[in-house]
There are 2 protein chains.
Amino acid sequence: MSVTPTRDRRAERREATRAEILAAATDLIGEHGAAALSLRDLGARVGMRAQSLYSYFASKDAIYDALFHQGSNEFLERARAMTLTEDPRENLRRCTWLFVEFCVEDSARYQLLFQRTIPGFEPSPEAFAPSIEAVEMTRQLVVAAGGDDPRDLDLLSALVTGLVDQQISNDPGGDRWTRLHTEALDMFFEHLDAKHG
Amino acid sequence: MSVTPTRDRRAERREATRAEILAAATDLIGEHGAAALSLRDLGARVGMRAQSLYSYFASKDAIYDALFHQGSNEFLERARAMTLTEDPRENLRRCTWLFVEFCVEDSARYQLLFQRTIPGFEPSPEAFAPSIEAVEMTRQLVVAAGGDDPRDLDLLSALVTGLVDQQISNDPGGDRWTRLHTEALDMFFEHLDAKHG
DNA sequence: GTCTATATTTGGATAGAC
DNA sequence: GTCTATCCAAATATAGAC
């Protein structure tokens, strides 16, 4: 009589290879920019021909999409794992700092997720879903910190992504802008107080 | 006896064609993104083969470089043409608004000038010079507005580019973030006052 | 599942005729 | 100054052998 195994070793191996390919892709776009990924280089990096990658991903865009999903999921998980305090403003400080660290630690991922500079690539709804949830989490933190006006979230998001953007573009590897994070949030909170009394 | 003409019609024509090529390149990167410019398309747009472009520019990067120079010059000229008032904060408001308009009116140019997302392209020092001068002008406006700390300029630049970045990435063609410009600058000024007394 | 072989397209760039 | 012809390299993608 045949016995059904509880583990599917073939599927496991396949998933492991997929993960290996994505890790190599992450390395490559870190080296040459998100828009410069080529399947030849990627195949070479994992020890196969470019054509063999099609056994794992349907297209180059499918690889970008998987990276996008991975990236937006990664941030969402970090945000969820964040320890919350009783001070709502401290929570917002921590969450935005998490975001700043997440972005500057991997600028190619930032480019992929937030700058949308890859010609022709649009993330699928599934890949995008975690980002939406993370924004919703942030929105609630902003409300708890006294920012009930929707404009407040937009202003904060501009402020924080501005720090990240300037850091990556004009002082890569440094901290000229990221070190302004605390001051920036204090400025934002002062503004909320002045605005809503 | 030979007469020396005061105008060089050949040089004029050449310069006009160069300008025409750059204008077409601007159109193309506006349509497909800055990283997706191809010489074939560009040639077709101006009615010549791709190879003929080499009579006008030494390489593709030379075209990017000319566009970069044109772009940074354009902003510098607009900033210089700005009418100054006696209120230093009003001046800073106007100058940053000039910048916001400049960026959102042509997002491909923004990508070229500030996001540096074109694989392998680095602007030449000559092309970059106007940008440096524009930053210096802004720095002086920030100082006049009460931001004597170098961190103040960095904070402001993050705030303004953040508005632009979010606008272009998340609401292209709209005004969800640019309309926050006045509020953002008020927030910044409140902060300067709270900081320096 | 990975390979070779190949199709197809597209890119940047050079040589030389006119 | 523009063209044809061509080169060379690289890209994505497919077909079929093993």
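Note on naming: letters A, B, ... go to the chains in the order of the sequence lines (proteins, then strands), and numbering restarts at 1 for each one. Side chains are part of it too, since the values below use all heavy atoms of this structure and drop only hydrogens, waters and symmetry mates.
Screening residues 80-102 of chain A for ring-ring contact (aromatic ring centres under 6.0 Å, His included), with sequence neighbours left out, gives A:Phe75-A:Phe99, A:Phe75-A:Phe102, A:Trp97-A:His181, A:Phe99-A:Phe114. Within the structure, no pair that satisfies the side chain to side chain donor-acceptor pair (under 3.5 Å) test touches residues 47-64 of chain B, not counting sequence neighbours.
Contact check of residues 43-52 of chain A against DNA chain C (heavy atom, cut-off under 4.0 Å) returns A:Gly47, A:Met48, A:Arg49, A:Gln51, A:Ser52. Residues of residues 20-40 of chain A having a heavy atom closer than 4.0 Å to DNA chain C: none are found.
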Only pairs under 3.5 Å count here: list side-chain donor-acceptor contacts from residues 21-36 of chain B, not counting sequence neighbours, and write none if there are none.
from: B:Thr26; atom 1: OG1; to: B:Leu22; atom 2: O; distance (Å): 2.9
from: B:Glu31; atom 1: OE1; to: B:Arg45; atom 2: NH2; distance (Å): 3.0
from: B:Glu31; atom 1: OE2; to: B:Arg45; atom 2: NH1; distance (Å): 3.3

Name the atoms and distances for all side-chain donor-acceptor pairs under 3.5 Å in residues 170-177 of chain B, with sequence neighbours left out.
from: B:Asn170; atom 1: ND2; to: B:Gln166; atom 2: OE1; distance (Å): 3.3
from: B:Asp171; atom 1: OD2; to: B:Gln167; atom 2: NE2; distance (Å): 3.2
from: B:Asp171; atom 1: OD2; to: B:Asp175; atom 2: N; distance (Å): 3.2
from: B:Asp171; atom 1: OD2; to: B:Arg176; atom 2: N; distance (Å): 3.0
from: B:Arg176; atom 1: NE; to: A:Asp154; atom 2: OD1; distance (Å): 3.4
from: B:Arg176; atom 1: NE; to: A:Asp154; atom 2: OD2; distance (Å): 2.9
from: B:Arg176; atom 1: NH2; to: A:Asp154; atom 2: OD1; distance (Å): 2.8
from: B:Trp177; atom 1: NE1; to: A:Asp154; atom 2: O; distance (Å): 3.0
from: B:Trp177; atom 1: NE1; to: A:Ser157; atom 2: OG; distance (Å): 3.3

Could you list the donor-acceptor pairs under 3.5 angstrom formed by side chains in residues 125-132 of chain A, with sequence neighbours left out?
none

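Protein chain B contacts DNA chain C from C:dG11 to C:dT14, reading 5' to 3' and using non-hydrogen atoms of the protein with a distance under 4.0 Å.
Within the nucleic acid shown, A:Ser59 comes within 4.0 Å of sugar-phosphate atoms alone, with no base atom in reach, counting heavy atoms only. Nucleic acid contact class of B:Phe57 (heavy atoms, under 4.0 Å, all strands): none.
Not counting sequence neighbours, B:Asp106 has no partner by the salt bridge (charged side-chain N to carboxylate O under 4.0 Å, His left out) test. Checked against salt bridge (charged side-chain N to carboxylate O under 4.0 Å, His left out), B:Glu122 has no partners two or more places apart in sequence or in another chain. Taking A:Arg14 as the reference, nothing meets the side-chain hydrogen bond (donor to acceptor under 3.5 Å, both in side chains) condition, with sequence neighbours excluded. In terms of the side-chain hydrogen bond (donor to acceptor under 3.5 Å, both in side chains) criterion, residue partners of B:Glu105 (sequence neighbours excluded) are, by chain and number, B:Arg78, B:Arg109.
The existence of a salt bridge linking B:Arg80 and B:Glu77 is excluded, since no basic side-chain nitrogen approaches an acidic carboxylate oxygen closer than 4.0 Å.
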